[in-house]
Amino acid sequence: QVQLVESGGGLVQAGGSLRLSCAASGRTFSKYAMGWFRQPPGKEREFVAALNWSGGSTYYADSVKGRFTISRDNAKNTVTLQMNSLKPEDTAVYYCAARVGSYYYTTPNEYRYWGQGTQVTVSS
């Protein structure tokens, strides 16, 4: 079992940057593939980015490709999401998620463990 805690959200102007962090408990962090999802106001939760157990394989939603970077540090049990060139449409609650297994998926149902979420608001 793993517990996830996100941090780093906030209010930023369009074009700005934010760095989200996800701290995981437990000693088997490297056994989990990790993902970031977001839920815009009034919309369903959507995939943002994910990476495999080692961080050597990553995948991004088309809407964030080239602007966001996902990475992990297995020694520190952390996953980060660097978000650059933010747009108002990036406004959402961002969630960190973990699934048992070495490979990632892009559907929320594949992830068993979730953080509480962190709000990101991008003003125009």
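Just so it is clear, the structure is predicted and the values come from calculations on it, not from any experiment. Values reported hereafter were calculated over all heavy atoms of this structure, with side chains retained and with hydrogens, waters and symmetry mates removed.
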Less than 4.5 Å apart, any side-chain heavy atom of [X] and any of [Y]?
X: M83; Y: R19; answer: no
X: R99; Y: R112; answer: no
X: R72; Y: C22; answer: no
X: L18; Y: V120; answer: yes
X: F68; Y: N84; answer: no
X: Y60; Y: R67; answer: no
X: R38; Y: S63; answer: yes

For P88 against S124, the heavy-atom pair lying closest together: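 Heavy-atom minimum between the residues: CG-CB, 3.9 Å.
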Where N52 and S102 come nearest, the two heavy atoms and their spacing: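 What the structure gives for the nearest pair is CB-O, 3.1 Å.
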Check: F47 ring centroid to F37 ring centroid under 6.0 Å: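 They qualify: ring centres under 6.0 Å apart.
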Intermediate values then yes/no, salt bridge (Lys or Arg N to Asp or Glu O under 4.0 Å), K87 and D90: CA-CA 5 Å; K87 305 175 181 179; D90 294 319; over 6 Å; no
Please determine whether residues [X] and [Y] belong to a single hydrophobic cluster, defined as Ile, Leu, Val, Met, Phe, Trp and Tyr linked transitively by side-chain heavy-atom distances below 4.5 Å.
X: L81; Y: V2; result: yes
X: L51; Y: Y95; result: no
X: L20; Y: M34; result: yes
X: W36; Y: Y113; result: yes
X: Y111; Y: Y103; result: yes

Quick check against the 3.5 Å criterion: does [X] have a side-chain atom that pairs as donor or acceptor with the backbone of [Y]?
X: S30; Y: N74; answer: no
X: S54; Y: G56; answer: yes
X: E6; Y: C96; answer: yes

Side chains of [X] and [Y] only: does a donor on one sit below 3.5 Å from an acceptor on the other?
X: T78; Y: D73; value: no
X: S57; Y: Y104; value: yes
X: S21; Y: S7; value: no

Residue pair V93, T118: steps toward the side-chain contact (heavy atoms from CB on, under 4.5 Å) verdict: CA-CA 5 Å; V93 177; T118 185; over 6 Å; no
I70/T80 under side-chain contact (heavy atoms from CB on, under 4.5 Å): CA gap, chis, key distance, verdict: CA-CA 6 Å; I70 187 172; T80 60; over 6 Å; no
Flag if over 12 foreign heavy atoms under 6.0 Å of CH2, W114: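 Enclosed: over 12 neighbouring heavy atoms sit under 6.0 Å from CH2 of W114.
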More than 12 heavy atoms of other groups within 6.0 Å of K43 NZ: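 No, the 6.0 Å shell around NZ holds no more than 12 heavy atoms from other groups.
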Value rounded to 0.5 Å, distance of CZ in R45 from OG1 in T107: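 The distance works out to 12.5 Å.
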Gap between atom CD of Q116 and atom CD of Q3 - 0.5 Å precision: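 Q3 atom CD to Q116 atom CD measures 11.0 Å (nearest 0.5 Å).
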